[in-house]
Asker: 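My questions will all concern the structure given below.
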Amino acid sequence: MIYRASGSGYLGLCERAEPGSSGVIFTFVTDDVAGWHDRFTAAGADVDGPPRDNDDYRIHHFFATDPDGHLLEVQRFWDTGWADG
């Protein structure tokens with residue numbers, strides 16, 4: 001589920017089993033995936049590699065792990081009108 005958190009901010013919660021995770025993914029939707037990747041890596045966050053496309057979900061994204069072990073995802077949908085419908 002993806003929720004509008006502000007006029008242009010969204011937060012998604014996904015339930016999916018990932019090795020070493022709690023089974024919950026906190027997803028942040030943004031047009032600036034690369035910029036957030038740069039911020040995460042500059043802060044020393046544990047990221048799973050550079051941003052990349054995912055054909056199955058039609059997104060551009062990366063994963064990171066927070067200090068408590070929660071899985072975080074930063075993503076952008078390929079469909080720019082995804083929030084309109």
Side-chain angles (χ1 to χ4, degrees):
M1 297 298 295
I2 296 177
Y3 301 95
R4 184 183 302 266
S6 68
S8 62
Y10 298 88
L11 174 65
L13 299 172
C14 304
E15 185 177 3
R16 184 171 156 197
E18 291 289 326
S21 79
S22 65
V24 175
I25 303 170
F26 295 94
T27 301
F28 301 90
V29 181
T30 179
D31 287 332
D32 189 17
V33 173
W36 280 104
H37 183 270
D38 292 345
R39 289 179 189 94
F40 274 52
T41 55
D46 180 18
V47 299
D48 72 337
R52 61 203 168 276
D53 287 333
N54 181 312
D55 294 338
D56 292 338
Y57 293 102
R58 301 183 47 79
I59 59 172
H60 186 70
H61 74 130
F62 70 92
F63 289 104
T65 306
D66 79 3
D68 292 324
H70 298 104
L71 191 59
L72 310 175
E73 179 183 29
V74 178
Q75 73 174 32
R76 175 182 46 81
F77 288 98
W78 293 354
D79 176 5
T80 57
W82 70 271
D84 298 336

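Basis for what follows: all heavy atoms, side chains included, without hydrogens, waters or symmetry-related copies.
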Asker: If we check side chain to side chain contact (heavy atoms under 4.5 Å, CB included) with E73, which of these qualifies: F26, F28, F63?
Answerer: F63

Asker: Once rounded to the nearest 0.5 Å, what's the spacing between atom CG of D32 and atom CZ of R39?
Answerer: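 That separation rounds to 5.5 Å.
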
Asker: Hey, what do you get for CG (D48) to NE2 (H37), rounding to the nearest 0.5 Å?
Answerer: 7.5 Å

Asker: Start with the C-alpha distance between T65 and L71, add both sets of side-chain angles, then the distance that settles side chain to side chain contact (heavy atoms under 4.5 Å, CB included), and finish with yes or no.
Answerer: CA-CA 5 Å; T65 306; L71 191 59; 4.3 Å; yes

Asker: Hey, is the main chain of H70 close enough, under 3.5 Å, to the side chain of D68 for a donor-acceptor pair?
Answerer: no

Asker: Would you name the heavy atoms of A34 and P51 that are closest together and state the gap between them?
Answerer: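 In terms of heavy atoms, the two residues are closest at CA-CG, 4.2 Å.
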
Asker: To the nearest 0.5 Å, tell me how far T41 OG1 sits from F62 CZ.
Answerer: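 With rounding to 0.5 Å, OG1 (T41) is 8.0 Å from CZ (F62).
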
Asker: Within a 6.0 Å radius of atom CG on D31, are there more than 12 heavy atoms belonging to other residues, nucleotides or ligands?
Answerer: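 No, not enclosed.
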
Asker: Taking the side chain as C-beta and beyond, is there a heavy-atom pair between W78 and N54 under 4.5 Å?
Answerer: no

Asker: At their closest point, which heavy atom of V33 faces which heavy atom of T30, and how far apart are they?
Answerer: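 Looks like CG2-O, 3.8 Å.
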
Asker: Is the number of heavy atoms from other residues, nucleotides or ligands under 6.0 Å of R58 CZ greater than 12?
Answerer: no

Asker: Could you give me the CA-CA distance, side-chain angles and deciding distance for F40 and V74, then say whether side chain to side chain contact (heavy atoms under 4.5 Å, CB included) is met?
Answerer: CA-CA 10 Å; F40 274 52; V74 178; 4.2 Å; yes

Asker: Begin from the C-alpha positions of H61 and R52 and carry the test side chain to side chain contact (heavy atoms under 4.5 Å, CB included) through to its verdict.
Answerer: CA-CA 6 Å; H61 74 130; R52 61 203 168 276; 4.3 Å; yes

